[in-house]
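Inspection log for the structure reproduced underneath, given as structure tokens.
Because the structure is predicted, anything quoted here is derived from the model rather than measured.
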Amino acid sequence: MRPFKDFPHVLESQQFEPEHLTSLFEVAEAIRSAPHRFQGVLVGRKVALLFSQPSSRTRGSFQLAAELLGASVHVQEHMAAYSSVVKGESLEDTIRTFMQYGMQYFIVRWDTEGSVAKAAEVAGLDHPVINAGDGPGQHPTQALLDVYTVWKEFKSLDRPLVVGIIGDLENSRTVHSLVYLLSKFEGVGYFFISPPETRMKPGIIDHLKEHNRHFVEVTTPRLLDIADAFDVLYVTRPQKEYQANDPQAQQCFLEQFKQYIVDAEIAEAMKETAIIMHPFPRNFELAEDVDQNPRARYFQQIQNGLWLRAALLDRIEDTRMSELAIAR
Ligand code: NCD
């Protein structure tokens, strides 16, 4: 595997080139088919999961993946409520603390953009830090598992693909990471569908323009008219946690998404070969009546996350070991 740019940390999805993805997907498939063959990969390694924001899938799958590879895993959840963060401790000091206990890997979810990158500076090159979501910034491992899901479905990413992304595009870190990652493939075009107030971040729009990627922004709720254009429809929830903590403002914020709900009628209007994805958790934006539709892939996507995260840990450890051997 080609070493990651800025290795060993995983901070943003732009670090991954198509060759990394091919290698990761192959390893993910190998682990899925014979997990026992990989159970020694992280034996003797200590992995810390430090989470200050809520999580079910990212925390659960990283924990299971690290355990599957033989690591001893230390989990700190609810850190914004129950750790010394409440007393004003910084993430940097939290990392310094757990390094004293011999932790080697840090998988971190924190509430502000850029916070995990700062933690990586403190951890240094001997302690890989993986961004499991930095506020409304990025969530690179979600993008890896999302693209793995697309790759499994369409067998290749070097082909024309129309990806519709709908919801709170401004604040959803999963879609930021997904678009940066998919932009490595020139055949991918985008429909960005959102209320006018939550359009895709300008930095990502500029990135697509610089790389001559095709995209259309749709800010009128006419999903039914364009549903048959997509190969992939990626749905995300309104990120109300980044809005003012005032019930009326929150209600107003949620209200604007009510016209952008993906339901069975929209799903049925899509191409037969198209798929529907969602990083979860879902709220009202993806109706449960879509679950029976053969295009729904979100539960497979969740399972793919386990194998992909195990593959990522395997590849990072493998690269660390070969670099250590070269240094010797
Ligand atoms: C996402 C997240 O935390 O960004 N969840 C996840 O990790 N699968 C999506 C979300 O919270 O909307």
Side-chain angles (χ1 to χ4, degrees), residues 10-16 21 53 55 57-58 109 111 113-114 116 131-151 153 157 161-185 188-209 211 213-219 221 223 226 229-243 253-254 256-257 260-262 274-286 297-298 301-302 304-305 308:
V10 174
L11 302 175
E12 50 181 34
S13 63
Q14 299 91 305
Q15 286 173 253
F16 293 86
L21 299 182
Q53 286 186 312
S55 176
R57 279 149 291 274
T58 306
R109 171 170 288 188
D111 55 0
E113 191 167 349
V116 182
N131 180 1
D134 61 336
Q138 282 222 22
H139 190 351
T141 66
Q142 178 71 40
L144 293 173
L145 77 90
D146 291 342
V147 174
Y148 176 41
T149 304
V150 175
W151 174 82
E153 191 67 32
L157 297 159
L161 273 179
V162 177
V163 179
I165 306 185
I166 182 165
D168 182 354
L169 306 185
E170 182 183 15
N171 300 301
S172 291
R173 55 195 175 200
T174 65
V175 307
H176 304 156
S177 291
L178 179 63
V179 175
Y180 277 125
L181 193 56
L182 282 176
S183 73
K184 306 273 176 171
F185 300 92
V188 181
Y190 309 85
F191 278 86
F192 295 137
I193 309 144
S194 71
E197 285 73 21
T198 61
R199 287 163 61 170
M200 183 55 89
K201 279 185 168 179
I204 296 181
I205 296 288
D206 291 345
H207 175 85
L208 293 176
K209 285 184 184 158
H211 291 82
R213 301 293 184 248
H214 297 288
F215 66 90
V216 183
E217 290 191 272
V218 181
T219 51
L223 197 53
I226 53 174
F230 315 129
D231 296 301
V232 176
L233 180 60
Y234 192 98
V235 191
T236 60
R237 75 180 168 90
Q239 307 278 309
K240 56 181 186 298
E241 60 270 47
Y242 301 114
Q243 303 305 312
F253 176 72
L254 292 179
Q256 55 184 340
F257 293 95
Y260 294 82
I261 293 173
V262 174
I275 60 169
I276 299 170
M277 297 172 61
H278 191 304
F280 269 46
R282 81 170 133 190
N283 295 164
F284 60 81
E285 71 287 344
L286 176 62
R297 283 297 175 284
Y298 27 92
Q301 192 184 345
I302 289 171
N304 291 342
L308 189 285

Between the side chains of [X] and [Y], is a donor N or O closer than 3.5 angstrom to an acceptor N or O?
X: Asp168; Y: Thr236; answer: no
X: Gln301; Y: Asp146; answer: yes
X: Thr58; Y: His139; answer: yes
X: Gln138; Y: Ser177; answer: yes

- Task: Answer with yes or no after comparing the ring centroid distance for Phe215 and Phe191 against a 6.0 Å cut-off, counting only values under it.
- Result: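 Ring-ring flag for Phe215/Phe191: false, centres at least 6.0 Å apart.
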
- Message: Ring centres under 6.0 Å, that's the criterion: do His278 and Tyr234 meet it?
- Response: no

- Nearest non-hydrogen partners of Val235 and Pro279, listed with the distance: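 So the minimum-distance heavy-atom pair works out to O-CD, 3.2 Å.
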
- Would you name the heavy atoms of Ile261 and Phe284 that are closest together and state the gap between them?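 Heavy atoms of Ile261 and Phe284 come nearest at CG2-O, 3.6 Å.
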
- Query: Would Glu170 and Arg199 pass as an ion pair if we require N to O under 4.0 Å?
  - Reply: no

- Side chains of Phe192 and Glu217: does their closest heavy-atom pair fall under 4.5 Å? yes

- Message: Return the CG to CD1 distance between Leu233 and Ile165, rounded to the nearest 0.5 Å.
- Response: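 So the CG of Leu233 and the CD1 of Ile165 are separated by 9.5 Å.
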
- Message: When you measure from the side chain of His176 to the backbone of Lys201, do you find a donor-acceptor pair of N or O atoms at a distance under 3.5 Å?
- Response: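 Here the side-chain-to-backbone pair does not exist.
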
